[in-house]
Engineer: 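Got a structure for you, questions after.
Values below: all heavy atoms of this structure, side chains included; hydrogens, waters and symmetry mates excluded. We count ligands from 1, going down the list as the structure has it; atoms in each ligand are counted the same way. The shown structure was predicted, so the numbers you read here are calculated from the model rather than taken from an experiment.
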Amino acid sequence: MSKVTVTTLQAHKAAGEKFSVIAAYDATFAGLIEEAGIEVILVGDSLGMVVQGHSSTLPVTMDEMVYHTGCISRGCKAPLIIGDLPFGSYSTLEQTLTNAAALMRAGANMVKLEGGEWLLESITAMTERGIPVCAHLGLTPQSVNAFGGFKVQGRNSDQAAAILEDAKRVEAAGASMLVLECIPSELAVQITQALSIPVIGIGAGADTDAQVLVLYDMLGLCGHKPKFVRNFLADNDSVQSALKAYNDAVKEGTFPAAEHGFS
Ligand SMILES: Nc1nc(=O)c2c([nH]1)NC[C@@H]1CN(c3ccc(C(=O)N[C@@H](CCC(=O)O)C(=O)O)cc3)CN21
Ligand SMILES: CC(C)C(=O)C(=O)O
Ligand SMILES: [Mg+2]
């Protein structure tokens, strides 16, 4: 597989071909994810929970994200690498540009940040400076304290309309991808159809352009299993075959099933 770019993923959306994404944090797994044919690796701030043992993503620092982005970058060649900007690292425009550049120097090909309306200026500024941006809407875990828990978002019609509006605005501001996390499947369909940029879902039903899961969740290693997770190691005899099964299931449209989505 040659290097995956934003253009590659745009073409997948245009052709109606799904692609797959895994959140991972180290070089050895990056190599296995690449070998499975998975297009995108997200260096997620979820590492604060699954690697560091915190109960939210809030304690994760820029230095830690830079370190793990470097680890992923050294472990694979082809996958597009998205680096998460951690909580508090994009509060002002200047800080956002400095921190996004640090993730790019560490090996990211794109940066992701959580939010809509309040980030439009930052999204445009990064895009203008050659930093591709992935936006993230719905259940944005860095706002867990504002939400009062990891709760499905967009269930009432006002909230749903606001998320759809934010999605259109981040695209117009220059975002080249969008993650939708834990929203009703019907809302995800609407947003995916309304946008021309690729939409990656987690707990957002089967009809987004791509799916993402946290590596340790899809290997069944985490104690708490959210509704949107499937353990792909349960019916495979190695990590390698579990990753291939995930990639196949996403591309064939057999994962996620209806039971993994929210209404
Ligand atoms: N291991 C892991 N996997 C993840 O997907 C993940 C992380 N960590 N850390 C950062 C965020 C937190 N995430 C979470 C965590 C829990 C739920 C959860 O338990 N959701 C309930 C839905 C509750 C409702 O109906 O409102 C569920 O039943 O799935 C969802 C997303 C997603 N991200
Ligand atoms: C779950 C995904 C979308 C994420 O942001 C992460 O792994 O940090
Ligand atoms: Mg994240």
Side-chain angles (χ1 to χ4, degrees), residues 20-26 29-30 33 38 40-62 64-65 68-69 72 80-90 99 103 108 110-115 133-156 159 175 177-185 187-188 198-205 208-232 246 250 255-263:
S20 45
V21 184
I22 288 276
Y25 323 101
D26 72 63
F29 277 118
I33 292 163
I38 292 164
V40 180
I41 300 180
L42 168 66
V43 188
D45 60 351
S46 52
L47 72 86
M49 296 174 72
V50 298
V51 175
Q52 299 174 335
H54 295 296
S55 56
S56 80
T57 58
L58 273 68
V60 177
T61 65
M62 259 313 290
E64 291 161 354
M65 291 310 302
H68 285 280
T69 301
I72 287 290
L80 180 103
I81 300 171
I82 307 178
D84 252 353
L85 281 167
F87 176 71
S89 73
Y90 49 98
N99 287 328
L103 290 183
M110 180 180 290
V111 305
K112 182 165 78 58
L113 70 190
E114 299 180 7
V133 175
C134 181
H136 183 163
L137 297 170
L139 197 188
T140 45
Q142 292 172 16
S143 299
V144 63
N145 292 286
F147 295 148
F150 295 114
K151 293 180 181 159
V152 174
Q153 300 296 306
R155 272 187 163 145
N156 70 54
Q159 249 195 18
M177 297 225 268
L178 172 65
V179 167
L180 292 177
E181 177 164 348
C182 294
I183 61 168
S185 304
L187 175 59
V199 176
I200 303 166
I202 174 166
T208 53
D209 303 303
Q211 295 292 327
V212 59
L213 282 179
V214 167
L215 174 69
Y216 300 165
D217 286 340
M218 56 77 67
L219 295 177
L221 306 178
C222 297
H224 172 76
K225 182 171 171 276
K227 190 171 187 266
F228 53 82
V229 171
R230 176 172 148 196
N231 174 0
F232 285 86
Y246 168 71
V250 168
F255 176 79
E259 78 216 47
H260 300 114
F262 298 104
S263 53

Engineer: Starting from the Mg ion (ligand 3), look over the N/O/S atoms of Asp45 and name the nearest one.
Structural biologist: OD1
Engineer: Polar pairs, ligand 1 vs protein, N/O only, below 3.5 Å.
Structural biologist:
| unit_1 | atom_1 | unit_2 | atom_2 | d |
| --- | --- | --- | --- | --- |
| ligand 1 | 1 (N) | Asp217 | OD1 | 3.1 |
| ligand 1 | 1 (N) | Asp217 | OD2 | 3.2 |
| ligand 1 | 3 (N) | Asp217 | OD2 | 2.5 |
| ligand 1 | 19 (O) | His224 | NE2 | 2.9 |
| ligand 1 | 26 (O) | Val152 | N | 2.9 |
| ligand 1 | 29 (O) | Lys227 | N | 2.9 |

Engineer: Would Tyr25 count as being in polar contact with ligand 2, using the rule that some N or O on each side must be under 3.5 angstrom apart?
Structural biologist: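 No, since none of the N or O atoms of Tyr25 sits under 3.5 Å from an N or O of ligand 2.
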Engineer: If you take the nearest heavy atom of each of Val212, Leu42, Ile202, Leu180, which one is closest to atom 2 (C) of ligand 2?
Structural biologist: Leu42
Engineer: Please report the interatomic distance CG(Asp26) to CG(Leu215), rounded to the nearest 0.5 Å.
Structural biologist: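 Asp26 CG to Leu215 CG: 8.0 Å, rounded to 0.5 Å.
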Engineer: Side chains of Met62 and Leu103: closer than 4.5 Å at any heavy-atom pair?
Structural biologist: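 In contact.
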Engineer: Between Asp84 and Asp45, is there a donor-acceptor pair closer than 3.5 Å when you use the side chain of the first and the backbone of the second?
Structural biologist: yes
Engineer: What part of Ser46, side chain from CB on, backbone N/CA/C/O, both or neither, has a heavy atom under 4.0 Å from ligand 2?
Structural biologist: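 Answer for Ser46: both.
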Engineer: Kindly confirm whether the Mg ion (ligand 3) is within less than 2.8 Å of some N/O/S atom in Asp84?
Structural biologist: yes
Engineer: Taking both backbone and side-chain atoms of Glu181, is any N or O found less than 3.5 Å from an N or O belonging to ligand 2?
Structural biologist: no
Engineer: Count the heavy atoms belonging to other residues, nucleotides or ligands that lie under 6.0 Å from CZ of Phe87, then report whether that count exceeds 12.
Structural biologist: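 Open: at most 12 neighbouring heavy atoms sit under 6.0 Å from CZ of Phe87.
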Engineer: State, yes or no, whether a side-chain contact exists between His54 and Thr57 at a heavy-atom distance under 4.5 Å.
Structural biologist: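 Heavy-atom side-chain distance check fails, nothing below 4.5 Å.
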Engineer: For ligand 2, is any non-hydrogen atom under 4.0 Å from Thr57's backbone (N, CA, C, O), its side chain (CB onward), both, or neither?
Structural biologist: neither
Engineer: Taking a cutoff of less than 4.0 Å between a non-hydrogen atom of the residue and any ligand atom, is Glu114 in contact with ligand 2?
Structural biologist: no
